[in-house]
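Just below is one structure, and these are the notes that go with it.
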Amino acid sequence: MSILKVENLHKNYGNIQALKGVTFTVPQGSVFGILGPNGSGKTTLLGIIMDILKATSGTFQLFDETPGPQHRRQIGTLLETPNFYHYLSGEKNLRIAASIKGKGENDIARVLELVDLTKRKGSKFSSYSLGMKQRLAVASTLLGNPQVLIFDEPTNGLDPVGIADTRELIKKLNREGKTIIMASHLLDEVEKVCTHAAILQRGVLLTHGHVDEILINEDIVELGAENKEQLMALLKNYPQSLSLKSTDQYVEVVFRSGEATLGKINEYCFSNGVVLNHLRLRRKSLETKFFELTSTNN
Amino acid sequence: MINNLKTEWLKIKNYKAFWIFLSLYLISIIAINYIAFEIYHQTVKQEPMAASMISDPYAFPNVWQTVGYMGSWLLYFPGIIIILLTSNEFTFKTHRQNIIDGWSRKDFVHTKLLLVFILSVIVTIISAVTAVIFGLASSEPFSSDGIVNVFYVFLQSLSYISLALLLAVLFRRSGVALIVFFLYGLIFESIIYGLINRYINDQAGYFLPLQGTDVLLPMPFGNKIFYNHAPEPVVLIISSLVYLGLYYFFLMRKFENDDL
């Protein structure tokens, strides 16, 4: 069963096309990252799925069914900003959420404890700090222990400890078998927790799939030597290399995934009279991949 | 629906501003009638001739209409309450959260309409009780003649508060909705009413949104002076119901189709 299936979704705001034919599927049990810079359409996409925005065209399914309120009740969702009644306490706000969901009323104490808000549960929402508001919103998503969670920028407004805690929480929830859909512009965040990702730019889905498939299609080898120019000249003719570029400190050579052998490269350089003082194989970071994808589409 | 109402109750149960405003409003219904009651009795005491010219407006059966008419001036207050409650949702974006958490868009509007209905019932009950109290305190024995005015109070409350809800959903911001509500209700409708009756048809003005129910509850003894060409009550009732239907249609259309 797929949790979410989006097909050819379009959304226009007047002349602006916020989503241009987005299609993807979120498999059950995955941590699915929706990546993109600010204004790429992430929140619009999730807003449509949650029925607070209307799609211009296209369809989507939740749990392989035509979506309805009963499906939303099975999903814990934090969209954009924490939306609560300012004049009510954190606890009373959760009571309202539980009442709408029709479950989780006995779960309020647990979720408040989970996000470390037990001591402030009686304080008005308006007196909460930005981080506390965000944590209350996370607590609300966990009410009734839903099997699917949607987080839009879940670490917004959190301090470094809060960010790490949220990351751990997401991993823990995933280990329990829950499916998590997470939109973020923080690539590092997605890279650390996601199993799957979709990359959006200006409403266009650039790529999607398993994180390993998206990321590991190239090996990058970093090399350093006293004479960088000589090293560059030497590596131009290195067999199987796909591309070559000089950075501030090093020379970077790109190979197809699994084709870079550090020993051979070292031997090649040494035998041609260049002594390396730096040699490292790295997996392409999501950030690099992201900038690559988005720049080719500019 | 009962569960949705329970959720709405959780929203307002601890909203102090709501309870203070509602209490002041309900007390005002009694207070404004007490003032008029006192003025009448003082006038009669000082000028006994007045009693022979005007029968006691607070004696049965007049009291049903008198209390309804006096209360109609205060109907802007429950309108304000519903505008504040609804625009709060837009300001805090909790209308979105309610949908995200699992209400349908229809649930949201229906629950607010249910609140409008309940407020109207409360207004009607308070008006009826006020009428009974002042009626019993006056010269004539209890009479249910003219009790139809209690129904008119209900219909008028429903009309005013529903219009307020529609304006809150259309404009989203309390300031704009309140200004439009007051300007239309207090000034523009009277101007349009006057112009229509003068230049188009001397009955057409009675079919304006609030005018119909206002005419159902005219100033005591003023029916024929102010509304001499007014259509039959049943026609005005139908007109009001048509407007309520239109409010519902536009509320649903706006809230069901728009981005929230």
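Per chain, numbering begins at 1; letters A, B, ... match sequence-line order.
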- Item | Basic-acidic side-chain contact under 4.0 Å: B/Asp101, A/Lys101 | yes
- Message: Taking side chain as everything from C-beta outward and backbone as N, CA, C, O, which of these in A/Leu88 sits under 4.5 Å from a heavy atom of chain B? Side chain, backbone, both or neither.
- Response: side chain
- Query: With chain A, which of B/Lys13, B/Glu8, B/Lys11 has the greatest number of heavy-atom pairs at distances under 4.5 Å?
  - Reply: B/Lys11
- Output yes when B/Lys6 and A/Glu105 qualify as a salt bridge under the 4.0 Å nitrogen-oxygen rule, no when they do not. yes
- Query: Among A/Gln70, A/Arg73, A/Met50, which has the most heavy-atom pairs under 4.5 Å with chain B?
  - Reply: A/Arg73
- Flag side-chain contact, heavy atom, 4.5 Å: B/Leu155 against B/Leu216: yes
- Taking 4.0 angstrom as the limit, do A/Glu176 and A/Lys172 come out as a salt bridge? yes
- Item | Option passing side-chain hydrogen bond (donor to acceptor under 3.5 Å, both in side chains) with B/Asp214 (candidates B/Tyr206, B/Tyr160, B/Tyr193) | B/Tyr160
- Item | Part of A/Gln74 lying under 4.5 Å from any heavy atom of chain B | neither
- Where on B/Asp258 is there a heavy atom nearer than 4.5 Å to chain A: the side chain, the backbone, both, or neither? backbone
- Query: Side chain, backbone, both or neither: which part of A/Lys124 has an atom under 4.5 Å from a heavy atom of chain B?
  - Reply: neither
- Message: Taking A/Asp51 first and then A/Lys54, would you say they form a salt bridge - that is, a charged N and a carboxylate O separated by under 4.0 Å?
- Response: yes
- Task: Check each atom of A/Tyr85 against the heavy atoms of chain B and say whether the ones under 4.5 Å are side chain, backbone, both or neither.
- Result: both
- Plane angle bin for B/Trp19 and B/Trp9 - parallel if under 30°, tilted between 30 and 60°, otherwise perpendicular: perpendicular
- Task: Side chain from CB out, backbone as N, CA, C, O: work out which of these in B/Glu89 comes under 4.5 Å of a heavy atom of chain A, or both, or neither.
- Result: side chain
- Task: Using non-hydrogen atoms and a 4.5 Å limit, figure out which bit of A/Phe125 sits close to chain B: side chain, backbone, both or neither.
- Result: neither
- So what's closer than 4.5 Å to chain B heavy atoms on A/Lys92: side chain, backbone, both or neither? side chain
- Which of A/Ile49, A/Ile75, A/Ile96, A/Thr77 touches chain B most, by non-hydrogen pairs under 4.5 Å: A/Ile96
- Select, from B/Asn3, B/Asn98, B/Asn4, B/Asn88, the one with the greatest count of heavy-atom pairs under 4.5 Å involving chain A. B/Asn98
- Query: Parallel, tilted or perpendicular: which describes the rings of A/Phe32 and A/Phe24, with under 30° parallel and over 60° perpendicular?
  - Reply: parallel
